[in-house]
Amino acid sequence: MAPKLTPEVLSSLARRDLLRAAATGSVLSVLGGSYALAADDDPRTKEKRPDGRPRLPPGQRLISALKPMGGDPGDPSPASFKLKVHGEVAAPFELDFIGLLALPQTEIPLDVHCVTSWSAFDVLWSGVRVSLLAEKAKVKGDARHVIFEAANGYTANVRLAEALAPGVLVAHKANRKPLARAHGTPVRAVVPDLYFWKSAKWLTGIRFVKQDQPGYWETRGYHNHADPWLEERYG
Ligand SMILES: Nc1nc2c(c(=O)[nH]1)N[C@H]1C(S)=C(S)[C@@H](COP(=O)(O)O)O[C@H]1N2
Ligand SMILES: [Mo]
């Protein structure tokens with residue numbers, strides 16, 4: 001079957017990934033109606049993280065670009081975007097899109113790991129650190145968890161300490177382009193070291209809480225914590 005690389009798919013693939021794939025003759029795989037370049041022979045799959053864990057978690061396979069995984073989309077318009085930072089905080093606040101861009105920005109390459117067993121490396125995300133939003137909201141000492149709130153009632157729970165890690169972002173760009181609709185336009189969370197369902201697309205709120213509140217997938221059979229290196233896939 002001749003794979004169809006649409007302009008959208010092509011533009012989502014990093015140029016060097018295409019060049020590498022061309023050089024190594026990597027096969028094209030059909031993945032849920034879109035196409036991604038398989039990259040089993042990518043040398044990055046043999047790398048170790050600074051903490052000694054393998055860069056590619058167990059049971060995962062590297063693909064060359066994020067694969068759209070669906071979900072119930074929110075309003076894509078940056079003009080109507082509002083992010084509520086609230087809960088166990090002394091100084092709750094709301095941000096519009098301009099307000100988000102006015103905060104100190106972080107641009108950082110991060111790996112993501114989907115529970116359906118694909119991983120994507122070095123996605124260059126732009127946005128604001130959740131730790132910075134937490135500081136601005138003056139999170140109270142008894143908060144223990146963060147609930148990422150998204151359009152149409154989607155939520156994902158993350159332990160506070162893990163949500164404050166430097167790689168956890170409220171992101172508005174991937175690979176220096178505004179998020180594509182399927183990936184959460186205009187803003188999503190990125191929690192790189194947990195399975196990707198924790199990274200809520202079409203983000204509307206960040207709520208700090210004392211008591212854990214399992215979210216959309218966590219109440220549907222998926223693991224409450226979701227560590228890819230422990231293969232915490234199902235609850
Ligand atoms: N709002 C919202 N966010 C969501 C989802 C969703 O259904 N709704 N799905 C999650 C799941 S299961 C995954 S694997 C990732 C997929 O992100 P992607 O489509 O950008 O690859 O988004 C997560 N964030
Ligand atoms: Mo998923």
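Residue numbers start at 1 and run along the sequence shown. When a ligand or atom number is given, it counts from 1 through the structure's own listing order. As the structure is a computational prediction, the values presented were derived from the model and not from experiment.
Judged purely by distance below 3.5 Å, without hydrogens or angles, the side chains of Gln60 and His113 never pair a donor atom with an acceptor atom. Glu88 and His145 share no side-chain donor-acceptor pair at under 3.5 Å.
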Hey, mind stepping through Asp193 and Arg49 against salt bridge (Lys or Arg N to Asp or Glu O under 4.0 Å) and telling me if it holds? CA-CA 12 Å; Asp193 285 355; Arg49 294 163 53 102; 3.0 Å; yes
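Partner of Val187 under the side-chain contact (heavy atoms from CB on, under 4.5 Å) criterion, chosen from Leu83, Leu100, Leu169: Leu100.
Trp217 belongs to a hydrophobic cluster with Val115, Tyr154, Tyr195, Trp197, Tyr216, Tyr222, Tyr234, counting contacts under 4.5 Å between side-chain heavy atoms of Ile, Leu, Val, Met, Phe, Trp and Tyr, direct or through other members.
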Measure from every N or O atom of ligand 1 to the protein's N or O atoms and keep only the pairs below 3.5 Å, writing each with atom names and distance to 0.1 Å.
{"from": "ligand 1", "atom 1": "1 (N)", "to": "Lys201", "atom 2": "O", "distance (Å)": "2.9"}
{"from": "ligand 1", "atom 1": "3 (N)", "to": "Lys201", "atom 2": "N", "distance (Å)": "2.9"}
{"from": "ligand 1", "atom 1": "17 (O)", "to": "Arg188", "atom 2": "NH2", "distance (Å)": "3.2"}
{"from": "ligand 1", "atom 1": "19 (O)", "to": "Met69", "atom 2": "N", "distance (Å)": "2.8"}
{"from": "ligand 1", "atom 1": "19 (O)", "to": "Lys201", "atom 2": "NZ", "distance (Å)": "2.5"}
{"from": "ligand 1", "atom 1": "20 (O)", "to": "His183", "atom 2": "ND1", "distance (Å)": "2.6"}
{"from": "ligand 1", "atom 1": "20 (O)", "to": "Arg188", "atom 2": "NH1", "distance (Å)": "2.7"}
{"from": "ligand 1", "atom 1": "21 (O)", "to": "Lys67", "atom 2": "O", "distance (Å)": "2.6"}
{"from": "ligand 1", "atom 1": "24 (N)", "to": "Ser199", "atom 2": "O", "distance (Å)": "3.0"}

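Around the CZ atom of Arg53, the shell of radius 6.0 Å holds more than 12 heavy atoms that belong to other residues, nucleotides or ligands.
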